[in-house]
Amino acid sequence: MRYVCLLLFLLSCFLQAAAQAQAPKETKHLQAVRTATPPKIDGLPTEEVWQQAAPATGFTQNEPVNGAPSRQRTQVRILYDDEAIYVGAMLYDTAPDSVLTQLSQRDGGQVNADMFGVYFDTYLDRQNAFGFEVSTAGVQTDFRSTSNGDDMAWNAVWESAVARHDQGWSVEFRIPYSAIRFPKKNVQEWGVNFWRSTRRYRESAFWNFVDRSMQGWVNQFGVLQGVQGLEAPLRLSLMPYLSGYADHFPTEQEGKKDLKTTLNGGMDIKYGINDAFTLDMTLVPDFGQTQSDAQVLNLSPFEVRFNENRQFFTEGTELFNKAGLFYSRRIGNEPLHLYDLRYDYSQYGRSEEVVVLENPEKTSLLNATKISGRTNRGLGIGVFNAVTQNTYATLRSNKTQEEFKVLTDPATNYNVLVLDQNLPNSSYVTFTNTNVTRGKGFYNANVSGLMTRLRNKKNSYTLNLAANLSQRFHKGSVPQGTDKVELGHAYYADFGKTSGNFQFTVRHSTESDSYFINDLGYLSNNNIIENEANIRYNIFKPFWKLNSLFNAVGVEHRQLYKPNSFSRLVYYLETNATTKNFISFGYTLAWLPRNNFDFFEPRSRSYEGVIQGRVFKDRGGIPNRKFRDPAGTELSGYISSDYRKKFALDLNGGVYHSPAYDQLNTWVGISPRVRVNDHLQMVYSAELSRDLRDYGFAGNGENDSIFFGSRTVHTVTNSLTGTYIFNARTALNLNMRHYWSSANFYDYFLLQDNGDLEPVDHTPSSPWAKDRNFNAFNIDLVYSWRFAPGSEVSVVWKNAISQELFPEQNNYLMNLRNTLQANQLNSFSVKILYYLDYQVMKRALKS
């Protein structure tokens, strides 16, 4: 009841703030002009046809001086015809020789080069936009901006050209209508904005001022008028691919070859169902060239979350990711019963010992499909579906030498449905449903969520509400063997002032002990109630020696949902700032004033929960246990120098100290970067952490006892990334990483019912009590050549080592040497992707 009262109070505050809000700032308007003669895209918008359109002028900075006029003059004009919209910009510069021109990869974002961008909110919903940018080196960047963030994986095929001259530089864009979506009506009215980055000043300026002190940026666009008589073209493109792999790994098994070669082929399809909705499909996908994961030694009870690097699952998925219920790495990931082979063979009807010959760690994806778009009334609809095939492990009987297969993951259908309705004032309401349907004998899962964001007219106050329901359906499934439906729930609410110098937020969230979304989502742990409040004071305009200053102070309280027990209390203070010399720095001070209780590290919950991303079952009535985590203090900080320099440096570090256990954790990181020239850049990163008297789970003993261990944990990470850009279409990229982490126990304890530790004089027999020494070494070397718009050749060499070494090898150099001498996977691959556009082929056939 108290939570209902709290929500009603927050809602009344919100409505009162909305009633008192003032009208938003003035919005600029620009007229586009239809042309019968399309301009030549050569980077020089000086043809007579450009003079028909009135220019957009008067750019305003939002960095470094929020609200000041831009230092340089800019003029932008827009033309259009039946096939495309054209953007021409003169970017005048009083010192044209000082314009920076560093090369970068496509979609590389801001580098040491000046840039120009245009953004279209084609549905004028103040929440979604298409972005097109180009640097002075001619490198393109495109993305989609949504209320859920920027989708940098979105790619379009469009033309651009850049020219340098004694007046500064200039650009021309040709953006075909097949690259964007717009409503089906005769007279269009789009949101529009233009951006100019003058890198030597670190200046960012917009035509329609984007105030940094206001929440959002698409809601601060101007309006483009005069566009009429457009018809959306048939949007159909095919992207067939052909790839070949040669993988070498010393198997050291008789009858198995060290070298494995494969040849793959498939296709991606994009089809515009109508003016608003697009079908994306991948048939027989190939993700072998995807960037390697950053493997780590995970001593915690929680699953490591890896980034999604597969393009099909990163491009155009903003709707599906909005509610936080979709974690695409579940698709084509490890089989459901990958690890069960190690413990239970009786389920296969065999009592003799068996040997696992082959146990695939990944399931095979057959196809995946996305349909997404938004209607004229602002209703976004997204449907995602993927299918994986049966995955089998191969075993052999030691008694009969007979080989047989065991199903570790059934054919599975993954589905996501999203309905997202835009509301006034950049608000929305969203319904999301995820569903996982497996083969007979395996459980199915379903999660539904409803969320809304409400803002007042001035976008100064925001109210967020969300509620989710998880369901798992067992129908004679292993290991339950009974029909059962398991329900879980979660809800979330926050309210705050999100614009202006002074801001605040209050937040509450609850996840029940049976809430589980990890069949198609990611949840580190459930059974938690969190409350947080913070106040912030930000200065967006330069003062004293600073360009900007951000401060926050807050408190966070955690407790278990079941039983209702205190878990954690933290007070924190944060400051982040940028100097007028563009040196950024900041710190966070966190204070835990009283003993906290960790209910997850003991891994002993008698109810069902989440451990390492999986459902954790009752282990014979082991009572719920907690570990008393003593009060402590943590201080961390960072400093980053000016990236405009040829040499720049990032530093970060921190320390945590808990006096009761004399626990001391320290970490430090250093990352120098060198820009050799406009073609070559290298970044080296070294991170070192050392946890002294770190306490963690060390296994179970007799009579439901739980062992903890006191350990020293060392972790060293060295990585090197380098990029050589030959030109705007060709690049060579290097990613090299060595990760080493060791955990050495020196004392063991029994966990008491009150959470304290009692020393014991023997070593537990559990694998968790053994010293660990984990290494991961990866090299990804990628050559890419965009030989035509949307078409690419990529040549990739991968080297991977992942293993445990002897615990006593704590000398880093010796450890690295032994790692490099271990068996390693070498993979060489070539992939050709060709882009075929229906409109281009149609024009070619006509000519």
Any chance you could lay out the side chain to side chain contact (heavy atoms under 4.5 Å, CB included) test for Y835 and V157, step after step, and finish with the verdict?
-> CA-CA 9 Å; Y835 177 83; V157 176; 3.5 Å; yes
So [X] and [Y], would you call those rings parallel, tilted or perpendicular, with 30° and 60° as cut-offs?
X	Y	answer
F726	Y783	perpendicular
F287	F313	tilted
F320	F326	perpendicular

Among all residues two or more places apart in sequence or in another chain, which pass the side chain to side chain donor-acceptor pair (under 3.5 Å) test with [X]?
X	answer
R196	T74
S426	none
W195	S204
E308	R310, S328

What's the separation between atom [atom1] in [X] and atom [atom2] in [Y], rounded to the nearest 0.5 Å?
X	Y	atom1	atom2	answer
I175	I180	CD1	CD1	7.0 Å
L732	T723	CG	OG1	8.5 Å
Q167	D93	CD	CG	11.0 Å
S499	Y461	OG	OH	10.0 Å
F182	E231	CZ	CD	9.0 Å
L319	T146	CG	OG1	7.5 Å

For [X] versus [Y], what's the shortest heavy-atom pair and its separation?
X	Y	result
S160	F173	CB-CD2, 3.7 Å
S170	M90	CB-SD, 3.7 Å
N376	P183	OD1-CB, 3.1 Å
V111	G108	CG1-O, 4.5 Å
V383	L417	CG2-CD1, 3.8 Å
Y428	M451	OH-CE, 3.8 Å

Please test V218 against N128 for side chain to side chain contact (heavy atoms under 4.5 Å, CB included), starting from the C-alpha separation and ending with a verdict.
-> CA-CA 7 Å; V218 178; N128 301 278; over 6 Å; no
Taking only Lys NZ, Arg NE, NH1 and NH2, and the carboxylate oxygens of Asp or Glu, determine whether D275 and R235 approach each other closer than 4.0 Å.
-> no
Can R106 and E792 be counted as an ion pair, charged N to O under 4.0 angstrom?
->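 The answer is no: the pair does not qualify as a salt bridge.
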Could you tell me whether the side chain of [X] and the main chain of [Y] form a donor-acceptor pair under 3.5 Å?
X	Y	result
K184	N274	no
E315	W154	no
Y80	G226	yes
D150	M152	no
R77	A53	yes
S145	A129	no
D268	D280	no
D107	D142	yes
Q503	N538	no
N208	K28	yes

[X]-[Y] side chain donor-acceptor pair, cut-off 3.5 Å:
X	Y	result
T721	N735	no
T198	D114	no
Q215	T462	no
T578	S584	yes
N219	R455	no
E203	Q72	no
N433	S448	yes
T35	Q52	no
N425	S427	no

Out of N733, T730, T141, V139, which residue meets the side chain to side chain contact (heavy atoms under 4.5 Å, CB included) rule with Q105?
-> N733
Hey, are the side chains of [X] and [Y] touching, using non-hydrogen atoms and a 4.5 Å cut-off?
X	Y	result
R453	S147	yes
I85	W190	yes
Q228	R34	no
L279	T369	yes
Q839	P176	no
Q140	W158	yes
I78	F194	yes

Only counting residues at least two apart or in another chain, list the ones meeting salt bridge (Lys or Arg N to Asp or Glu O under 4.0 Å) with R644.
-> D642
Decide yes or no on ring pair (Phe, Tyr, Trp, His ring centres under 6.0 Å) for W217 and Y119, but give the supporting numbers first.
-> CA-CA 11 Å; W217 77 294; Y119 315 99; 5.0 Å; yes
Report the C-alpha separation of S548 and F540 in whole Å, then their side-chain angles, then the decisive distance to 0.1 Å, and conclude whether the side chain to side chain contact (heavy atoms under 4.5 Å, CB included) test is met.
-> CA-CA 5 Å; S548 58; F540 299 95; 5.8 Å; no
Go through R305 and R329 one step at a time and tell me if the side chain to side chain contact (heavy atoms under 4.5 Å, CB included) criterion holds.
-> CA-CA 9 Å; R305 178 172 182 140; R329 287 294 296 261; over 6 Å; no
Cation-pi check, R330 onto Y414 ring (under 6.0 Å, within 45° of axis) | no
Test the K370-F312 pair against the cation-pi criterion, namely NZ or CZ under 6.0 angstrom from the six-membered ring centroid and within 45° of the ring axis.
->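 Verdict for F312: a cation-pi partner in K370.
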Partners passing side-chain contact (heavy atoms from CB on, under 4.5 Å) against T505 (at least two apart in sequence or in another chain) = D494, N534, R536
